[in-house]
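Note that the structure is predicted; figures quoted are calculated from it, not measured. Numbering starts at 1 and runs along the sequence shown.
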Amino acid sequence: TPILVYGPPSNPNVRYAKDARWAVAVDQHDPTGERLAHEIRSLMDDSDRSRRIGLHGRNIARTNHDVRAVHERFRATLHEAAESKR
């Protein structure tokens, strides 16, 4: 499932989506909805692109947001902080 993110470029989630390319990121105000509609149509019409974005998003989620990976990074950060205080 491809993902579309809409918001200002200053939003961390929009930046993350754009930088890591796990979603189509529309980061400009779109009062008419034309850009959003274009991106949605593009995702619907280009199944290869949609599939690639969806798979990449899933891989990013698995790599960066899996509970085990997050737990390990958090544990390592705590360990590092504790060691630096000694």
Side-chain angles (χ1 to χ4, degrees):
T1 302
I3 300 171
L4 182 123
V5 175
Y6 175 58
S10 59
N11 180 290
N13 291 319
V14 174
R15 277 197 317 270
Y16 180 36
K18 194 171 184 177
D19 292 347
R21 298 183 327 259
W22 54 262
V24 172
V26 177
D27 63 357
Q28 300 299 315
H29 182 62
D30 185 23
T32 65
E34 287 179 41
R35 173 81 192 279
L36 289 171
H38 168 76
E39 293 297 349
I40 291 168
R41 270 196 282 334
S42 174
L43 289 168
M44 291 170 58
D45 292 343
D46 188 343
S47 60
D48 288 336
R49 178 178 179 236
S50 295
R51 192 175 304 108
R52 280 192 314 272
I53 293 169
L55 289 172
H56 185 63
R58 188 175 8 194
N59 289 334
I60 291 287
R62 232 183 248 127
T63 301
N64 297 334
H65 306 290
D66 176 77
V67 68
R68 290 175 298 263
V70 171
H71 176 265
E72 181 54 33
R73 284 194 310 267
F74 183 66
R75 188 201 62 72
T77 300
L78 288 178
H79 180 74
E80 184 180 305
E83 288 298 314
S84 71
K85 295 292 182 184
R86 290 183 181 184

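Atom-to-atom distance recorded for Leu36:CG and Arg41:CZ is 10.5 Å, nearest 0.5 angstrom. A distance of 11.5 Å separates NE2 of His71 from CG of Asp66, quoted to the nearest 0.5 Å. One finds the CZ atom of Arg73 at 13.0 Å from the CG atom of Leu78 (value rounded to the nearest 0.5 Å). Put simply, CD1 on Ile53 and CG on Leu4 are 9.0 Å apart, with the number rounded to the nearest 0.5 Å.
With hydrogens and angles disregarded, a donor-acceptor distance shorter than 3.5 Å links the side chain of Ser50 to the backbone of Asp46.
Taking both residues in full, the closest heavy atoms of Val14 and Pro8 are given as CB-O, 3.6 Å, listed atom of the first, atom of the second, then distance. Annotation for Lys18 and Ala25: closest pair CB-CB, 4.0 Å, computed over non-hydrogen atoms. Of all heavy-atom pairs spanning Arg49 and Val24, the tightest one is NH2-CG2, 3.4 Å. Closest of all the heavy-atom pairs between Val5 and Ala17 is CG2-CB, 3.9 Å. Listed here is the closest heavy atom pair of Asp48 and Arg51: OD1-NH1, 3.0 Å.
The shortest distance between side-chain heavy atoms of Tyr16 and Asn64 falls below 4.5 Å.
The existence of a salt bridge linking Glu39 and Arg35 is confirmed by a sub-4.0 Å separation between a basic side-chain nitrogen and an acidic carboxylate oxygen.
Residues Val26 and Ile40 fall within the same hydrophobic cluster, defined by Ile, Leu, Val, Met, Phe, Trp and Tyr side chains chained together at heavy-atom separations under 4.5 Å. A single hydrophobic cluster is seen to contain both Tyr6 and Met44, as judged by linkage of ILVMFWY side chains at heavy-atom distances under 4.5 Å, directly or through other members.
Annotation for Glu34: atom CD does not count as buried by contact number, only 12 or fewer foreign heavy atoms lying within 6.0 Å.
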